[in-house]
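Report on one structure; see the data block that follows.
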Amino acid sequence: MTEPVRVGELLPGVVDEAIARAGPGYDRWAEQVAATGYCIHPVRLRGRVDHADPQTGEVRTVYSTDREPDATLLKACGNRRVSVCPSCSATYQADSFHLLAAGLRGGKGVPETVAGHPRLFVTFTAPSFGQVHSRNAQGLLVYPCHPYRQGQRCPHGRRLGCWHRHDADDPRLGEPLCARCYQAGAQVLWNALAGRLWSRTTIYLYRTLAQLAGLSETDLRRLVRISFAKVAEYQKRGAVHFHAIFRLDARTACGCAACVAPPPAGFTADLLEAAVRQAATTVTVRCPSPSDDPAAPELAAGWGKELYVRRIGADDGEELTEEQVAGYIAKYATKSTEALGVTLDHRIGEADLEELDLPIHVAELVHTCWELGSRPSLARLRLRKWAHMLGFGGHFATKSRRYSTTLGALRRARVVYAIRRRRGDTVALDAWGRPEEDPGVIVVASWSYLGSGYQTTGEAWLAASAAARAREMRRIAREELRTMTAA
Ligand SMILES: [Zn+2]
Ligand SMILES: [Zn+2]
Ligand SMILES: [Zn+2]
C-alpha cells in the first residue's frame with residue numbers, strides 16, 4: 001500500500017484539493033471509495049440504470065450518477081498485481097485462494113470428495129543457461145556457491161568458481177558468474193516458449209499416463225480427466241518456472257466442476273506422479289531458429305532437470321496441506337517480476353532501452369529480447385512486445401475448466417452478498433415497488449468511461465488516509481476478538 005502522505009508534507013495546492021473533496025458530498029464519496037475496497041486508481045464512470053415495463057412501455061430511472069458527487073461512480077480497477085494496486089490485488093489473492101482451495105478440499109460448488117482424489121503439487125523449472133550465483137542452504141548451514149577448484153577460469157578470464165556463502169538478500173544472487181558465458185539468448189527464447197511447453201505438457205500427460213496404465217490414449221481419455229491449476233514465477237536468474245496442482249478425476253459427461261467424481265480404482269497418486277515425471281523429461285516444443293541459415297540445427301525447448309513433486313494431503317509425515325498449497329499459488333498469482341528485485345509492469349519501448357534502471361543481468365535479458373526480436377525467423381515469439389517479461393508472454397495463472405469454480409462466479413457471489421447485507425433480508429423491488437425477481441421488468445444500464453484514478457492528488461491522499469483508517473479498524477477489531485476469545 002502506498003504510504004499515506006503526512007499532512008505536513010502536503011503541498012499547499014494538494015491541501016486545497018483535499019479540503020474541497022472533504023466538503024459537501026464527502027460521506028457519499030468516502031462510501032464509494034470504501035466500496036471499491038480502497039482501490040488506488042479506480043475507474044470513473046458516468047451513467048444510469050433504467051427499469052422498463054414492457055406492458056406499459058413506461059421507463060423509470062432507478063439509479064443515476066447525477067445524484068453522486070461529481071456525477072461520478074467509482075469502480076475498483078481489479079488489477080491482480082500487487083505492484084499496480086495493493087487493494088485489488090489483495091482481493092484477487094483472496095479469491096484465487098478460495099478457488100484453488102475449493103479444487104483441493106471442495107466447497108464453492110465443488111464436491112468435498114475431491115479431497116480423496118490423487119493430487120500433486122509440482123514445480124517445473126527451466127534448464128540451466130550458465131552458472132549463476134546461488135544460495136545453497138540446508139537449515140542453518142549455508143554452502144559455498146560454486147566450489148570449483150581454485151584458479152580455474154572461463155575463456156573470458158572470469159573465475160569458474162565462487163566460494164561465497166551468499167546471504168538470502170545478496171544482490172548477486174541470480175547474476176551469472178560470467179555474463180559472456182551465460183546464454184541469455186537461449187534463456188529468453190525458453191521463456192518465450194514456456195507457456196507453449198506447459199500446455200503441451202498437460203496434453204502429453206495423457207499419453208504417459210496411458211502408457212503406464214497399459215491403455216490406449218483414447219481409452220484412457222474415456223476413463224479419466226487431469227484437472228490442473230498453475231501459476232508462473234520468476235526465478236532470480238530471470239527464468240520462468242511453474243507451480244502446478246494436478247488432480248486426477250473420472251471422466252464425466254457434464255462439464256461443470258460440481259459434477260467432478262473420483263477416478264476409477266488403480267488410478268493412484270503414484271501412477272499420476274510417474275506420468276508427470278515421464279512427461280516432464282520427454283516433452284519438448286520446437287524452437288524457431290535465431291539464425292536465417294537453413295543449415296542451422298533444429299532447436300527444441302524442454303524442462304530443466306529439477307522437478308519437484310509432492311503429494312497434497314498425503315499421510316507421509318511431511319504432509320502438505322490443501323491450505324498451504326492454495327496459499328502458496330495464490331500468493332504468486334499477484335506477482336510478476338518482483339523476485340528479480342525489480343517490478344517490470346509496463347512495456348518497454350526503444351527509447352527506454354538506454355536508461356533501464358535495472359540490475360545488470362535483468363537489463364541484459366531485456367536487451368537480448370530486443371535484439372532477437374528484430375530477427376524475422378523469431379517474429380512470432382514477439383520478443384520485443386514481451387521484453388519487460390524477459391520474453392515470457394504466457395498467462396501467469398491458469399486452470400482447467402473443471403478444476404474448480406471461477407473467479408467470475410466468486411465475484412458475482414460477493415456482489416449478491418453485499419447487496420443482501422445492505423438491504424437486509426428484504427426483497428429487492430423494481431422501480432414500481434414490485435419484487436424485482438418477478439419477470440417483466442427490463443433492466444437497461446448505460447455507462448460511459450470518464451477516466452481512471454482519482455482526479456486530484458488531494459483526493460488520492462484522502463482515499464489513502466481512509467484506507468489506512470479502515471486497516472487500523474480491522475486490526476483493532478481482530479485484537480478485540482482475540483482478547484474476547486482468550487478471556
Ligand atoms: Zn484497484
Ligand atoms: Zn556466488
Ligand atoms: Zn566467460
Side-chain angles (χ1 to χ4, degrees), residues 97-125 198-231 242-283 303 306-330 397-405:
F97 175 86
H98 290 302
L99 183 155
L100 292 159
L104 291 173
R105 62 181 184 201
K108 313 275 173 203
V110 182
E112 278 164 24
T113 46
V114 290
H117 294 211
R119 297 159 306 159
L120 301 177
F121 181 45
V122 184
T123 299
F124 294 87
T125 62
W198 162 259
S199 50
R200 194 75 195 280
T201 305
T202 61
I203 297 165
Y204 200 81
L205 203 42
Y206 282 99
R207 187 175 306 172
T208 55
L209 191 63
Q211 280 168 7
L212 292 167
L215 295 166
S216 74
E217 205 182 315
T218 322
D219 287 343
L220 177 95
R221 281 177 180 272
R222 278 193 202 113
L223 292 174
V224 296
R225 178 179 287 125
I226 302 160
S227 292
F228 66 83
K230 77 107 181 18
V231 69
F242 293 116
H243 302 289
I245 294 169
F246 288 107
R247 190 187 69 209
L248 204 49
D249 304 336
R251 190 95 199 170
T252 42
C254 177
C256 78
C259 294
V260 164
F267 287 96
T268 60
D270 279 332
L271 192 71
L272 182 60
E273 175 169 352
V276 167
R277 289 191 181 279
Q278 195 173 318
T281 46
T282 326
V283 75
W303 299 109
E306 314 222 15
L307 177 78
Y308 305 97
V309 185
R310 292 184 69 185
R311 308 285 167 85
I312 300 167
D315 229 354
D316 60 358
E318 33 176 339
E319 191 182 350
L320 190 62
T321 67
E322 286 88 357
E323 286 74 19
Q324 283 171 325
V325 174
Y328 193 71
I329 296 193
T398 52
K399 66 166 197 71
S400 63
R401 194 146 68 92
R402 291 163 191 86
Y403 172 76
S404 182
T405 180

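Model, not experiment: these values are computed from the prediction.
Taken from CZ in Arg247 to CG in Leu104, the straight-line distance is 7.5 Å, to the nearest 0.5 Å. Leu209 contributes atom CG, which lies 5.0 Å from atom CD1 of Ile226 (distance to the nearest 0.5 angstrom). Rounded to the nearest 0.5 Å, atoms CG (Leu100) and CZ (Arg105) are 10.5 Å apart. To the nearest 0.5 Å, atom CG of residue Leu215 and atom OH of residue Tyr206 are 13.5 Å apart. Taking CG of Leu248 as the start and CG of Leu272 as the end, the distance is 5.5 Å to the nearest 0.5 Å. Here the CZ atom belonging to Arg402 is positioned 6.5 Å from the CZ atom belonging to Arg251, to the nearest 0.5 angstrom.
The shortest heavy-atom contact between Leu205 and Ala279 is CD1-CB, 3.9 Å. For Phe124 against Ala280, the heavy-atom pair with the smallest separation is CE2-CB, 3.9 Å. The two residues Arg222 and Asp219 come nearest to each other via the heavy atoms NH1-OD1, 2.8 Å. When all heavy atoms of Ala269 and Arg311 are compared, the pair lying nearest together is CB-CD, 3.7 Å. Val260 approaches His117 most closely through the heavy-atom pair CG1-CE1, 3.6 Å. The two residues Leu271 and Leu212 make their nearest non-hydrogen contact at CD1-CB, 3.8 Å.
A 4.5 Å side-chain heavy-atom check between Tyr328 and Val231 finds every atom pair outside the cut-off. The shortest distance between side-chain heavy atoms of Val122 and Leu307 falls below 4.5 Å. Two residues are said to be in side-chain contact when any heavy atoms from C-beta on lie closer than 4.5 Å; Pro263 and Leu223 fail this criterion.
Ring geometry for Phe242 against Trp198 counts as tilted: the plane angle lies between 30° and 60°, on a 0 to 90° scale.
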Using the side chain to side chain contact (heavy atoms under 4.5 Å, CB included) rule, take Thr125 and Trp303 through it: C-alpha gap first, then chi angles, then the decisive distance, then the call. CA-CA 6 Å; Thr125 62; Trp303 299 109; 5.9 Å; no

Are Thr208 and Arg277 close enough, and set up right, to give a side chain to side chain contact (heavy atoms under 4.5 Å, CB included), and what steps lead you there? CA-CA 9 Å; Thr208 55; Arg277 289 191 181 279; over 6 Å; no

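When atom types are taken as modelled, the side chain of Ser404 and the backbone of Leu99 share a donor-acceptor pair closer than 3.5 angstrom.
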